[in-house]
There are 2 protein chains.
Amino acid sequence: MTCNLRFLMAASVAAACLAGTAQADELRDKALEIFKPVPSTVPAVRGNPITAEKITLGKALFFDPRMSASGVFSCNSCHNLATGGDDNLETSIGHGWQKGPRNAPTALNAVFNEAQFWDGRAEDLKAQAKGPVQAGVEMANTPTNVVATLNSMPQYVDWFKAAFPEESEPVTFDNFAKAIEAFEATLITPAPFDSYLNGDDAALSPAQKTGLDLFIDKGCASCHSGINVGGNGYYPFGLVQKPGADVLPEGDKGRFAVTATADDSYVFRAAPLRNVAVTAPYFHSGKVWDLKEAVTIMGEAQLGEELNEQEVVAIVAFLGSLTGKVPEVTYPVLPPETATTPRPTGEVITK
Amino acid sequence: MTCNLRFLMAASVAAACLAGTAQADELRDKALEIFKPVPSTVPAVRGNPITAEKITLGKALFFDPRMSASGVFSCNSCHNLATGGDDNLETSIGHGWQKGPRNAPTALNAVFNEAQFWDGRAEDLKAQAKGPVQAGVEMANTPTNVVATLNSMPQYVDWFKAAFPEESEPVTFDNFAKAIEAFEATLITPAPFDSYLNGDDAALSPAQKTGLDLFIDKGCASCHSGINVGGNGYYPFGLVQKPGADVLPEGDKGRFAVTATADDSYVFRAAPLRNVAVTAPYFHSGKVWDLKEAVTIMGEAQLGEELNEQEVVAIVAFLGSLTGKVPEVTYPVLPPETATTPRPTGEVITK
């Protein structure tokens with residue numbers, strides 16, 4: 001009898017385990033049709049072979065506040081690798097204490113986005129890197145001044161030569177952007193969700209698995225898919241029901257500004273959701289600080305679905321599994337200025 | 001004959017070496033009466049035993065922009081470890097794009113200063129650390145808001161518990177400052193000058209040795225002495241001859257504001273000169289960008305001495321030997337905000 005009971009118990013545990021595995025595999029199979037784990041190596045990027053020298057240079061440039069007119073802001077100011085690759089502000093504060101028009105997206109895993117910026121107006125990170133440095137409300141600099149600044153510091157000139165060994169005049173604004181792209185391509189954050197996709201059942205909690213299932217079944221994954229769980233397609237914000245003007249301000253028509261096509265009014269790139277739990281506030285307007293609230297709004301606006309509390313909690317739990325390990329970055333020691341380095345200016349020029 | 005010639009040559013080389021050594025030793029002996037090399041270990045600080053846990057916490061706090069009201073500025077913004085421990089601005093730009101009143105001094109080796117700030121108004125780094133975070137033109141925060149911010153993030157609370165294990169309520173503004181002091185105590189930059197003081201003749205070039213000799217003989221070392229080649233005494237700026245109002249603005253009376261003693265008008269702490277070559281611009285006003293010009297001004301203002309071009313060049317060469325190796329710092333990954341984290345505000349409150 002004892003023996004039988006033991007046998008029965010063992011059998012039932014084994015059955016439960018098998019069922020668990022089978023169920024998990026089914027969910028994983030479903031997930032793998034939609035998502036992809038991050039790769040274990042730095043991805044190739046269009047027209048910019050990535051080398052160790054480019055990464056070294058790009059890291060220095062990424063952290064160098066002298067790339068801004070004022071000497072106050074670096075790429076890392078708004079895409080802070082210490083705080084999820086963004087600045088945790090509604091919209092960034094830049095040159096002259098001006099507020100940027102949209103929430104700063106994370107630089108982490110940005111290499112996997114189909115295009116950059118909320119409206120996809122930059123086709124890749126090297127195109128993107130040229131934007132903020134010139135934007136009057138951000139770094140307020142000019143390509144000419146960036147190149148003059150770099151040329152004034154011999155260590156930078158050497159680094160550019162090492163990064164672009166085939167070019168006779170390697171210190172250019174294009175190469176500045178390419179080096180930053182190379183560094184950013186290393187900013188990949190493997191997360192529990194990747195472990196799960198790669199076969200580790202225990203990487204997600206039961207609540208996270210429920211959330212993943214809901215994320216797929218409710219339709220979130222229709223737009224938020226691929227390696228970055230988003231970042232690879234354009235959709236109207238308010239597909240079913242427009243959110244309030246606080247979240248979707250009337251003045252910012254999104255991709256319309258890029259394509260000038262009426263259909264693209266209030267169209268934005270689906271936000272990539274890796275590390276979303278550590279990159280509040282949310283949406284291009286940065287008006288929502290609570291991830292639960294953001295999920296609720298998305299349910300209503302995009303799916304016409306009133307998600308209940310339990311569903312929202314489960315989806316948020318799943319989104320937490322997208323918080324990954326930030327690569328270890330040694331803080332750079334930058335080349336010192338010289339007598340010919342252009343002086344910083346905090347002056348605000350209004351055009 | 002060949003043999004004799006060889007012998008003579010060897011003897012003369014040996015004699016030259018001995019002479020060189022003797023001369024160097026004499027200069028080194030003279031230097032060692034005035035200066036001290038940086039220690040090989042983190043120094044003890046008053047009332048704040050330094051532990052690995054405090055350093056870890058302090059590093060996070062040092063790099064955390066959420067310690068400012070706006071979420072834009074961290075300690076590292078103005079004391080940037082990538083650019084000589086300062087910001088290379090005339091005076092720092094802070095909250096609301098306001099300009100600070102004085103040039104930001106380097107955080108590197110600051111632990112060796114007798115007191116902190118240009119006027120020595122903070123007796124040590126833990127007192128100093130409380131200043132900028134509250135200054136309206138810098139980080140514009142309040143102790144209450146700093147503590148609320150820290151308490152809202154469980155990882156910070158754990159780090160404070162680990163750093164101050166004997167305290168029941170470790171998350172305090174005092175401990176915030178102590179942790180930052182602990183981290184800053186690790187920011188020591190051994191330089192060629194230290195190698196020289198420690199016995200390596202080859203660490204300084206002949207020009208640098210000439211400069212060191214001049215630095216002592218002309219009287220620079222009367223004020224710029226000790227481990228930090230300065231930072232340990234107060235002197236009137238313009239002891240012999242007041243520099244122009246651009247360099248020494250009338251409105252800033254220096255230590256007078258601390259002691260309210262007439263004798264302390266235009267008295268400042270002698271600037272610590274480690275890493276001076278990479279921390280332009282110079283003086284409390286930050287008005288001079290060229291180190292040669294700064295040395296020339298100091299000769300006139302403090303020594304009543306018109307240094308000639310050759311002397312200035314030699315002294316600047318010596319000052320270059322004070323540029324040290326910045327310790328390797330892994331950029332921190334900071335705790336994420338939670339629902340209870342106070343929201344950043346860029347609003348400028350004028351009192």
Side-chain angles (χ1 to χ4, degrees), chain A residues 59-60 62-66 70-74 76-78 80-85 87-99 189 275 277-281 289-293 320 323 325-339 341 343-348, chain B residues 59-60 62-66 70-74 76-78 80-85 87-99 189 275 277-281 289-293 320 323 325-339 341 343-348:
Chain A
K59 184 176 86 168
F62 188 87
F63 279 102
D64 198 331
R66 296 164 308 184
S70 66
V72 171
F73 301 109
S74 67
N76 189 66
S77 298
C78 300
N80 195 330
L81 304 185
T83 55
D87 57 7
N88 306 312
L89 301 180
E90 198 172 287
T91 66
S92 302
I93 290 178
H95 192 84
W97 213 244
Q98 295 172 90
K99 286 195 81 174
T189 65
N275 299 297
V278 297
T279 54
W289 286 82
D290 179 18
L291 188 50
K292 279 172 62 181
E293 190 186 339
T323 303
K325 186 174 161 21
V326 179
E328 195 168 289
V329 172
T330 303
Y331 197 61
V333 172
L334 298 172
E337 296 102 336
T338 65
T341 305
R343 303 276 159 79
T345 169
E347 203 186 338
V348 180
Chain B
K59 183 176 86 169
F62 188 87
F63 278 102
D64 197 331
R66 296 164 307 183
S70 66
V72 172
F73 301 110
S74 67
N76 189 66
S77 298
C78 300
N80 194 330
L81 304 185
T83 55
D87 56 7
N88 306 312
L89 301 180
E90 199 172 286
T91 65
S92 301
I93 290 178
H95 192 84
W97 212 245
Q98 296 173 88
K99 286 194 80 174
T189 66
N275 299 297
V278 297
T279 54
W289 286 82
D290 179 18
L291 188 49
K292 279 174 63 183
E293 191 187 339
T323 302
K325 187 175 160 22
V326 179
E328 195 168 290
V329 172
T330 302
Y331 197 61
V333 172
L334 298 172
E337 296 102 335
T338 65
T341 305
R343 302 278 159 80
T345 169
E347 202 188 337
V348 180

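This structure is a prediction, so every number in the text was calculated from the model and none was measured. Numbers restart at 1 for each chain; the letters A, B, ... are given by sequence-line order, proteins then strands.
- Using a 4.5 Å cut-off between heavy atoms, B:Asn88 touches chain A through backbone and side chain atoms alike.
- Listed options B:Pro336, B:Ser74, B:Ala280, B:Gly346 were ranked by heavy-atom pairs under 4.5 angstrom with chain A; first place goes to B:Gly346.
- When the side chain to side chain contact (heavy atoms under 4.5 Å, CB included) test is applied to B:Val72, the partners found at least two apart in sequence or on another chain are A:Phe73, A:Leu89, A:Ile93, A:Trp97, B:Ser70.
- Both the backbone and the side chain of A:Thr330 come within less than 4.5 Å of a heavy atom of chain B.
- Counting heavy-atom pairs closer than 4.5 Å to chain A, the top residue among B:Pro344, B:Gly71, B:Ser77 is B:Pro344.
- Heavy atoms of A:Asn275 lying under 4.5 Å from chain B are absent altogether.
- If you tally non-hydrogen atom pairs under 4.5 Å between each of A:Thr323, A:Asp87, A:Val329, A:Thr341 and chain B, the highest count goes to A:Val329.
- Annotation: ring pair (Phe, Tyr, Trp, His ring centres under 6.0 Å) contacts of A:Tyr331 (sequence neighbours excluded): A:Phe63, B:Phe63, B:Tyr331.
- Of the listed residues (B:His95, B:Gln98, B:Glu90, B:Lys292), the greatest number of heavy-atom pairs within a distance under 4.5 Å of chain A belongs to B:His95.
- No other option in A:Cys78, A:Gly84, A:Ala82, A:Pro281 has as many heavy-atom pairs under 4.5 Å with chain B as A:Ala82.
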